Number of protein chains: 2
Amino acid sequence: MVQTYKFSNAATDFYFNSSLKELGKIIDRKHTFFITDQHIFKAHEKKFKGLNTIVIPAGEEHKKQSTVDDIILKLIQSKADRKSVLVGVGGGVITDLTGYVASVYMRGIRFGFVPTTVLGLVDASIGGKNGIDVGVYKNMVGVIRQPSFILHDLALLQSLPQKEWQNGFAEVIKHACIKDAAMFKELEQHQLSDYQKNKTLLADLVRRNALIKIKVVQKDEFEKGDRRLLNFGHTIGHAIETQYALMHGEAVSIGMVYACDIAQQLKGFAGKERVRSLIAQYQLPTHINFDAAKVFEVLTMDKKRVQKEMNFVLLEKIGKGVVHPIPLKRLESIIKKLQ
Amino acid sequence: MVQTYKFSNAATDFYFNSSLKELGKIIDRKHTFFITDQHIFKAHEKKFKGLNTIVIPAGEEHKKQSTVDDIILKLIQSKADRKSVLVGVGGGVITDLTGYVASVYMRGIRFGFVPTTVLGLVDASIGGKNGIDVGVYKNMVGVIRQPSFILHDLALLQSLPQKEWQNGFAEVIKHACIKDAAMFKELEQHQLSDYQKNKTLLADLVRRNALIKIKVVQKDEFEKGDRRLLNFGHTIGHAIETQYALMHGEAVSIGMVYACDIAQQLKGFAGKERVRSLIAQYQLPTHINFDAAKVFEVLTMDKKRVQKEMNFVLLEKIGKGVVHPIPLKRLESIIKKLQ
């Protein structure tokens with residue numbers, strides 16, 4: 001069943017708990033180009049039979065301009081035109097790249113997503129942010145443009161490595177921290193394996209998280225206010241992710257613990273130990289030894305910096321995130337003491 | 001005096017017949033980055049003193065991704081952030097590049113233009129289309145996003161080469177052909193040198209042409225209807241421009257003559273000789289020997305192609321352009337007979 005959510009300039013059709021087989025009803029195969037990575041293509045080769053498919057190397061290190069250039073050349077060679085549709089089948093890297101290419105090819109063609117990771121299902125595919133990294137600077141280039149549709153096929157998670165399950169749960173925990181104390185409790189009462197075994201439990205959690213993200217984006221698509229809450233754990237997270245070759249979820253997990261530490265200092269937040277313990281319960285890291293000077297340097301190039309301040313996301317309590325501007329000088333000294 | 005024109009998602013402030021000196025009132029120098037090319041920088045070096053300026057090599061051949069990459073790296077190094085503003089000072093290449101970089105840097109920052117060519121003043125800077133070429137394919141990548149402001153300083157035209165004056169008048173003639181029979185007559189009664197000598201005559205013509213473009217774009221920003229008229233002369237024009245190293249205005253001039261020829265065949269258009277003669281009067285070419293097969297091949301990758309048809313712009317009479325879909329097969333045989 002399709003549910004349509006409107007954003008400021010466009011609407012996205014969500015097919016929750018659906019199946020790849022339903023895609024035929026949504027798009028016209030002939031004018032559709034599928035973009036996926038080598039891992040997914042290999043794991044689901046049969047499903048791509050007879051489809052125009054562009055396969056790129058797997059991994060965040062390929063979320064860069066040269067990959068965009070390659071995809072664009074292939075689209076030109078295949079005579080993709082303004083009526084063509086791109087469908088990204090993959091995790092966040094694939095959906096970010098697909099959305100970006102579709103937004104700039106011929107000044108914008110339609111696109112849709114089939115997320116194949118927990119992270120993609122609950123977070124990365126939703127909200128229209130797309131783009132690429134530039135060197136160590138994450139998502140430095142991109143646009144905000146909504147996909148025409150997002151189709152969920154939870155069966156695709158069967159081939160997902162354990163690491164990637166954990167990775168996705170970092171964003172689930174983030175959503176709980178900033179918006180949903182009840183979900184935080186539910187997570188405390190379960191283990192990752194419960195969700196892996198119980199399809200109904202998982203489908204409910206995925207939809208609940210997608211809805212949290214959808215609602216935040218609907219309220220604030222262009223990130224002037226509430227949407228910034230979704231950056232909880234991401235400011236320090238992004239600054240350490242590339243430098244220490246962490247997975248996104250690992251970096252965000254560590255970033256959330258540090259953000260709780262700062263929230264404790266600046267806001268008297270009392271839930272740091274509960275957050276840390278939930279992160280550990282889902283097999284995610286809570287600490288790293290980092291080079292504070294280097295982290296601060298990368299962090300000053302974060303998009304959330306506005307001149308001499310950083311809009312930092314803190315927690316007032318579990319389930320309630322707040323944006324708190326911190327002067328860079330102050331932030332520098334806080335970060336140096338974090339370790 | 002500023003005049004504001006609203007587009008679907010944004011408004012552009014137009015400062016007609018103004019001066020670069022007024023810029024200080026519009027932008028905050030400290031957070032502004034000027035993008036210009038070596039020729040303009042050299043011709044007006046004093047005017048860039050004390051400004052953050054990124055200078056790129058001059059020429060359409062630099063309107064490509066690697067130039068975008070270079071500008072983005074410089075913005076990162078200069079710590080440009082979401083409050084930064086880019087100002088393109090130059091012709092169509094500079095404004096197309098500046099608008100594109102600003103649209104994707106940190107998912108979109110503000111930008112404005114100071115056109116330094118007739119083509120830029122009457123056409124290229126207006127309407128929010130921006131982007132880059134990919135190989136021989138013109139404007140294959142880009143977005144539609146409106147500048148915050150456009151400032152006209154006609155004094156900048158003093159250093160404009162004669163070739164570039166002619167180049168700009170191709171678009172003026174185009175506007176007359178598709179939208180303004182009275183202006184067509186005015187042009188017939190003057191020479192290029194009249195406009196070069198008489199500032200009031202020129203200022204009137206520039207504003208009149210800017211308004212033609214503004215109104216067409218306001219009615220149809222995303223090119224579903226009327227905006228396609230602006231492609232008069234551009235379909236064959238684009239296909240020969242890169243291949244025969246023509247200036248844009250030269251290619252469009254030749255393209256307009258061929259389009260008149262096709263209009264005569266398909267629509268009984270009677271004004272072909274008048275158009276050809278006006279183009280020649282403004283020192284622009286009306287013919288080239290081209291490789292029809294190669295031109296047709298490039299043309300099938302034109303963004304105006306939709307599957308098996310091309311939306312071709314023809315004239316019913318002088319001052320009235322119409323969009324006419326032509327099946328590719330038919331177009332191929334027409335083009336082969338054009339020479």
Side-chain angles (χ1 to χ4, degrees), chain A residues 8-9 28 30-31 64-66 68-69 71-73 75-84 99-109 128-132 134-145 221-224 297-298 300-311 328, chain B residues 8-9 28 30-31 64-66 68-69 71-73 75-84 99-109 128-132 134-145 221-224 297-298 300-311 328:
Chain A
S8 46
N9 303 317
D28 167 5
K30 233 178 101 187
H31 300 111
K64 61 179 177 185
Q65 185 60 43
S66 60
V68 171
D69 295 342
I71 297 172
I72 284 171
L73 279 180
L75 290 173
I76 293 176
Q77 285 159 5
S78 313
K79 299 207 183 296
D81 65 21
R82 284 183 167 165
K83 297 271 172 188
S84 301
Y100 185 49
V101 170
S103 297
V104 301
Y105 185 71
M106 292 193 169
R107 296 204 190 90
I109 61 175
K129 277 193 188 176
N130 57 55
I132 52 169
V134 180
V136 294
Y137 304 108
K138 300 254 308 162
N139 301 316
M140 203 62 179
V141 160
V143 300
I144 295 184
R145 191 159 170 267
E221 187 169 350
F222 298 100
E223 203 162 343
K224 310 285 181 203
E297 191 199 320
V298 176
T300 58
M301 275 316 295
D302 192 292
K303 296 190 294 304
K304 292 176 287 296
R305 175 179 63 81
V306 174
Q307 293 163 22
K308 301 281 177 202
E309 283 192 340
M310 179 73 81
N311 284 314
L328 286 186
Chain B
S8 47
N9 304 319
D28 167 5
K30 234 178 98 187
H31 301 111
K64 60 180 176 184
Q65 185 60 43
S66 60
V68 171
D69 295 342
I71 297 172
I72 284 170
L73 280 181
L75 290 173
I76 293 175
Q77 285 158 5
S78 312
K79 300 207 182 294
D81 65 21
R82 284 184 168 165
K83 296 271 173 189
S84 301
Y100 185 49
V101 170
S103 298
V104 301
Y105 185 70
M106 291 192 170
R107 295 205 191 91
I109 61 175
K129 277 193 188 177
N130 58 54
I132 52 168
V134 180
V136 296
Y137 304 107
K138 302 254 308 161
N139 301 316
M140 204 61 179
V141 160
V143 301
I144 295 184
R145 191 159 171 267
E221 187 170 350
F222 298 101
E223 202 163 344
K224 310 283 181 204
E297 190 200 322
V298 176
T300 57
M301 274 317 294
D302 192 292
K303 296 188 295 304
K304 292 177 287 298
R305 174 179 63 81
V306 174
Q307 292 163 21
K308 299 281 178 203
E309 283 193 339
M310 179 74 79
N311 284 314
L328 286 186

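As a basis for the values below, the full set of heavy atoms in this structure was taken, side chains included, without hydrogen atoms, waters or symmetry mates. Everything numeric in this text was worked out from a predicted model, so none of it was measured. Residue numbering restarts at 1 for every chain, and letters A, B, ... go by the order of the sequence lines.
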Query raised in the report: In terms of heavy-atom pairs under 4.5 Å, which option from A:Val101, A:Val68, A:Asn139 contacts chain B the most?
Result: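 Top option by heavy-atom pairs under 4.5 Å: A:Asn139.
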Query - Selection from A:Arg145, A:Lys79, A:Arg82 maximising heavy-atom pairs under 4.5 Å formed with chain B - result: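 The answer is A:Arg82.
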Query raised in the report: chain A: which of B:Asn9, B:Ile76, B:Leu73, B:Val134 shares the most heavy-atom pairs with it under 4.5 Å?
Result: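 Winner by heavy-atom pair count: B:Ile76.
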Query raised in the report: What part of B:Tyr105 gets closer than 4.5 Å to chain A, counting heavy atoms only: side chain, backbone, both or neither?
Result: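 Both the backbone and the side chain of B:Tyr105 come within 4.5 Å of chain A.
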Report task. Heavy-atom distances under 4.5 Å only: say whether B:Ser8 touches chain A with side chain, backbone, both or neither. Result ->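 Interface part for B:Ser8: neither.
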Requested in this report: Measure from the side-chain N and O atoms of A:Arg107 to the backbone N and O of B:Asn130, and report whether any donor-acceptor pair falls under 3.5 Å.
Outcome: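 The answer is yes, because a donor-acceptor pair under 3.5 Å joins these two groups.
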Query raised in the report: Are any of the side-chain nitrogens in B:Glu223 or B:Lys129 under 4.0 Å away from the carboxylate oxygens of its partner?
Result: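 Result for this pair is yes, salt bridge flagged.
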Which answer fits [X], side chain, backbone, both or neither, if we ask what part of it has an atom under 4.5 Å from a heavy atom of chain B?
| X | answer |
| --- | --- |
| A:Tyr100 | side chain |
| A:Asp69 | side chain |
| A:Ser84 | neither |

Query raised in the report: To the nearest 0.5 Å, how far apart are CD1 in A:Ile72 and CD in A:Gln65?
Result: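 Here the rounded value is 7.0 Å.
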Query raised in the report: Roughly how far, to the nearest 0.5 Å, is the CD1 atom of A:Ile132 from the NZ atom of A:Lys64?
Result: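 Here the rounded value is 10.5 Å.
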Report task. Would you check if A:Lys83 and A:His31 make a side-chain contact, meaning some heavy-atom pair closer than 4.5 Å? Result ->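 No, side chains not in contact.
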